[in-house]
Amino acid sequence: MFLNKDYFQNDAIFLAKDLLGKILVREINGKKILCKIVETEAYIGPEDKACHAYNNKRTKRTEAMFLEGGCTYVYMIYGMYNCLNIVANKKDKPEAVLIRAVEPLNELEYLKKNRNIKSKKRYDLTNGPGKLCKALKIDKKLNKYDLCKNKKLFILDSKDKKIEIVEAKRINIEYAEEYKYKLWRFYIKGNKFVSKI
DNA sequence: GTAAAGATCCACT
DNA sequence: GTGGATCTTTACT
């Protein structure tokens, strides 16, 4: 089951929770890599001080968040790492869901090769926003990508309804003042691939 | 043109 | 659990 455009017009907090357990599909050279989404964070444009688009700040970088829901917002952090966001809500509402961690379901050797790390731990492959982007070869070429119209990157619905969702504070946003206490990070309880408990 | 900070990762103890 | 690496984007002058 494909998730359609209407689904992504919901607000970021709803989507952040609802996307847990769903399947992110990335196709590279004919390989279909399947990953279960296990950890997300919601960023709510104008009011959220942790959001790049706080106060409707619109720059060349943040304009992807002003697109309609169902597109991607890929940004670079610390100069070297990419993070994958799913844009939420309607056009001109800058909300997004950051994908912080996924659980790889196949092509593990290929993902390990992309990561090029010494660690052989399976759960080190994709347990962080920068890591999963490197493993899945997600970079700025996939910024503003429409998840509903393309085959290289999209999301499948999942029948897994037994997951237990934990709400937590978001990570590494000390500068966000009162917003750093918002419980806008969501993850699947007990899942080994979550970046931080 | 220049400076400063940043939604992180990895190796090491 | 800690610290260094490392470079893009932004917001100034």
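As the structure is a computational prediction, the values presented were derived from the model and not from experiment. Below, chain A is the first sequence line, B the second, and so on; all start at residue 1.
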Can you give each donor-acceptor pair under 3.5 Å made by side-chain atoms of residues 99-109 of chain A, sequence neighbours left out, with the distance rounded to 0.1 Å?
from: A:Arg100; atom 1: NE; to: A:Glu39; atom 2: OE2; distance (Å): 3.2
from: A:Arg100; atom 1: NH2; to: A:Ser195; atom 2: OG; distance (Å): 3.2
from: A:Glu103; atom 1: OE1; to: A:Asn191; atom 2: ND2; distance (Å): 3.1
from: A:Asn106; atom 1: OD1; to: A:Leu34; atom 2: N; distance (Å): 2.9
from: A:Asn106; atom 1: ND2; to: A:Lys32; atom 2: O; distance (Å): 2.9

Under 30°, 30 to 60°, or over 60°: which ring-plane class applies to A:Phe2 and A:Phe154, parallel, tilted or perpendicular? tilted
Base, sugar-phosphate or nothing for A:Lys140? Non-hydrogen atoms, less than 4.0 Å. sugar-phosphate
With sequence neighbours excluded, tell me which residues meet ring-ring contact (aromatic ring centres under 6.0 Å, His included) with A:Phe193. none
Test your reading of the model: is there a side-chain donor-acceptor pair from A:Asp48 to the backbone of A:Ala50, 3.5 Å cut-off? yes
Give a yes or no on whether the backbone of A:Val74 and the side-chain of A:Thr72 come within a donor-acceptor separation of less than 3.5 Å. no
Parallel under 30°, tilted from 30 to 60°, perpendicular over 60°: which one fits the rings of A:Tyr179 and A:Trp184? tilted
Applying ring-ring contact (aromatic ring centres under 6.0 Å, His included), name anything that partners A:Tyr145, two or more places apart in sequence or on another chain. none
Passes salt bridge (Lys or Arg N to Asp or Glu O under 4.0 Å), A:Arg58 versus A:Asp92? Steps please. CA-CA 10 Å; A:Arg58 192 165 187 158; A:Asp92 293 326; 3.7 Å; yes
Using a heavy-atom cut-off of under 4.0 Å over every strand shown, decide if A:Lys180 touches base, sugar-phosphate, or nothing. nothing
Starting at the 5' end of DNA chain C, what dot-bracket string do you get if Watson-Crick and G-U pairs under 3.5 Å are bracketed, crossing pairs use [ ], other-strand pairs use | and unpaired bases use dots? |||||.||||||.
Does A:Lys93 come within less than 4.0 Å of A:Asp11, counting only side-chain N to carboxylate O? no
Between protein and nucleotides 7-9 of chain B, what N or O pairs are separated by less than 3.5 Å?
from: B:dA7; atom 1: OP2; to: A:Tyr175; atom 2: OH; distance (Å): 2.6
from: B:dA7; atom 1: N7; to: A:Ala50; atom 2: O; distance (Å): 3.2
from: B:dA7; atom 1: N7; to: A:His52; atom 2: NE2; distance (Å): 3.3
from: B:dA7; atom 1: N1; to: A:Asn85; atom 2: OD1; distance (Å): 2.9
from: B:dA7; atom 1: N3; to: A:Tyr75; atom 2: OH; distance (Å): 2.4
from: B:dT8; atom 1: OP1; to: A:Asn172; atom 2: ND2; distance (Å): 2.9
from: B:dT8; atom 1: OP2; to: A:Tyr78; atom 2: OH; distance (Å): 3.3
from: B:dT8; atom 1: OP2; to: A:Asn172; atom 2: ND2; distance (Å): 2.9
from: B:dC9; atom 1: OP1; to: A:Pro129; atom 2: N; distance (Å): 3.4
from: B:dC9; atom 1: OP1; to: A:Gly130; atom 2: N; distance (Å): 2.7
from: B:dC9; atom 1: OP1; to: A:Lys131; atom 2: N; distance (Å): 2.9
from: B:dC9; atom 1: O4'; to: A:Tyr81; atom 2: OH; distance (Å): 3.0

How would you give the extent of chain A contacts on DNA chain C, as first and last nucleotide 5' to 3' within a 4.0 Å heavy-atom cut-off? C:dA5 to C:dA11
Does a donor on one side chain sit under 3.5 Å from an acceptor on the other, for A:Tyr7 and A:Asp18? yes
